[in-house]
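Counting convention: from 1, in listed order, for ligands and their atoms alike.
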Amino acid sequence: MDHLPYGGVVPELASRAHIRAGLPVIESALEEAGVRLDDLSAIAVTHGPGLIGSLLAGVNLAKGLAFGCGLPLIGIHHLEGHLFSALIDSDLQPPFVALLASGGHTELIHVRKLGHYELLGATLDDAAGEAFDKVAKLLGLLPPGQFVMGGRAVSDIARDGNPQAIRFPRALSGRATYDVSFSGLKTSVLTHVNKLRKQDGPQAVVDATADIAASFEQAVVDVLVDRTVQAVAACNVSHAALVGGVAANRCLRAQLASALENAGARLVVPDVALCTDNAAMIASAGAYRFAQGETDGYDLDAQPRLPLPGLTTSK
Ligand code: KG4
Ligand code: ZN
């Protein structure tokens, strides 16, 4: 609610919230896990990409802990954390294709080996989660002051709707590409809502909300399933992983699993709690980097734009 009067997330307030929450969150996580700082072997922290103030709060806290406890420090790329979320409770091993769909990114990655990533395709405009957030906002589904995590709200209301009610566009489908584009879809939802409101009044929009949400969700799911199935076949892998906040989506989880099964492949998708941003995925990537003997010095920097280490592009 900190951001309520401002109409969007305020970076300055977000970093202050990180500073306030950092130590209490660590304290309660240690207590819940029944471990002490002495039991840890290293401190892993997200050092990019993202909002600089929030990254700085985390990096500086991690440096303080590492220095104070005499532990190695490991900087982790946020997206590598998401990729490693698929390995936490599974026996998944590379090679596999990962669909990483979050609020800031939508990427198809061929994980050839751990630490070796080939970018197959990405969004040309909005990320999948961003499209969900914008549609949640335009359908009036978010409580005042909340600007992110609209995907859950759209998905919840979509349960009562008909996914075939409105045929929203599936951009770039049928083309030889692994890229996706969601900005046209978002505009199409907006145009539909405006037209309905003008023709039949605001109550008509309220009455159609579940159908609009379900039809929008289906359009996103169709596009993501199409690209992932194609990528799995082209890379000749037997497994795919679905990670990132949008991986929490019930329809995407179910429909991608069944499409892959029909194609003779298997989907690994983390528990919902491990899909949206979490510390366990950063710890998982940190444990891997630590086992590789990779640690950082106290000059580790927070980087708002940071390329994924080991990423090559197939384009
Ligand atoms: O990975 P994440 O927690 O944060 C980023 O790195 O961006 O992803 C957050 C995104 C938000 O856009 C949120 O709306 C979306 O994931 N999301 C969902 C669902 N739960 C979260 N999108 C669709 N369906 C969901 N159930
Ligand atoms: Zn994330």
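- For ligand 1 and D133, the ligand atoms under 4.0 Å from any heavy atom of the residue are 11 (C), 12 (O), 13 (C), 14 (O).
- Looking at every heavy atom in both residues, S54 comes nearest to S15 through N-CB, 3.6 Å.
- Among A136, G129, G151, the residue whose heavy atom lies closest to atom 25 (C) of ligand 1 is G151.
- Put simply, the side chain of D39 never gets that close to the backbone of V35: no donor and acceptor are under 3.5 Å apart.
- Between G244 and ligand 1, a contact under 3.5 Å exists for no N or O pair.
- Checked for salt-bridge contact, K186 and E130 miss the test: no charged N lies under 4.0 Å from a carboxylate O.
- Residue-level proximity to ligand 1 for H78 is carried by the side chain, the only part with a heavy atom below 4.0 angstrom.
- Of all atoms in ligand 1, listed by their number and element, those nearer than 4.0 Å to a heavy atom of G245 are 1 (O), 2 (P), 8 (O), 16 (O), 17 (N), 18 (C), 19 (C), 20 (N), 21 (C).
- Electrostatic pairing of E118 and R112 counts as a salt bridge here, judged by a charged N lying under 4.0 Å from a carboxylate O.
- Here Y178 pairs with nothing under the ring-ring contact (aromatic ring centres under 6.0 Å, His included) rule; sequence neighbours left out.
- L99 pairs with exactly one of L120, T228, V243, V180 by the side-chain contact (heavy atoms from CB on, under 4.5 Å) rule, that one being T228.
- Close approach of ligand 1 to A248 is summarised as follows: ligand atoms under 4.0 Å from at least one heavy atom of the residue are 20 (N), 26 (N).
- Looking at G103, A128, G81, C251 and measuring to atom 7 (O) of ligand 1, the nearest heavy atom belongs to G103.
- Within ligand 1, the atoms closer than 4.0 Å to a non-hydrogen atom of G104 are 7 (O), numbered from 1 in the order shown.
- Heavy-atom contacts of T276 reach the following atoms of ligand 1: 3 (O), 21 (C) (cutoff under 4.0 Å).
- Distances from the Zn ion (ligand 2) under 2.8 Å pick out these protein N/O/S atoms: H78 NE2, H82 NE2, D277 OD1.
- Between H110 and F96, the distance from one ring center to the other does not fall under 6.0 angstrom.
- Atoms of ligand 1 found under 4.0 Å from any heavy atom of G150 (numbered from 1 in listed order, with element): 14 (O).
- Salt bridge annotation for D156-R152: present, with a cationic side-chain nitrogen under 4.0 angstrom from a carboxylate oxygen.
- Under 3.5 Å, the side chains of E80 and Y288 contain no donor-acceptor pair of N or O atoms.
- Checking H47 against D296 by side-chain atom types alone, no donor-acceptor pair falls below 3.5 Å.
- A donor atom on one side chain and an acceptor atom on the other are found under 3.5 Å apart for S181 and D125.
- H82 counts as a contact of ligand 1, since one of its heavy atoms falls under 4.0 Å from the ligand.
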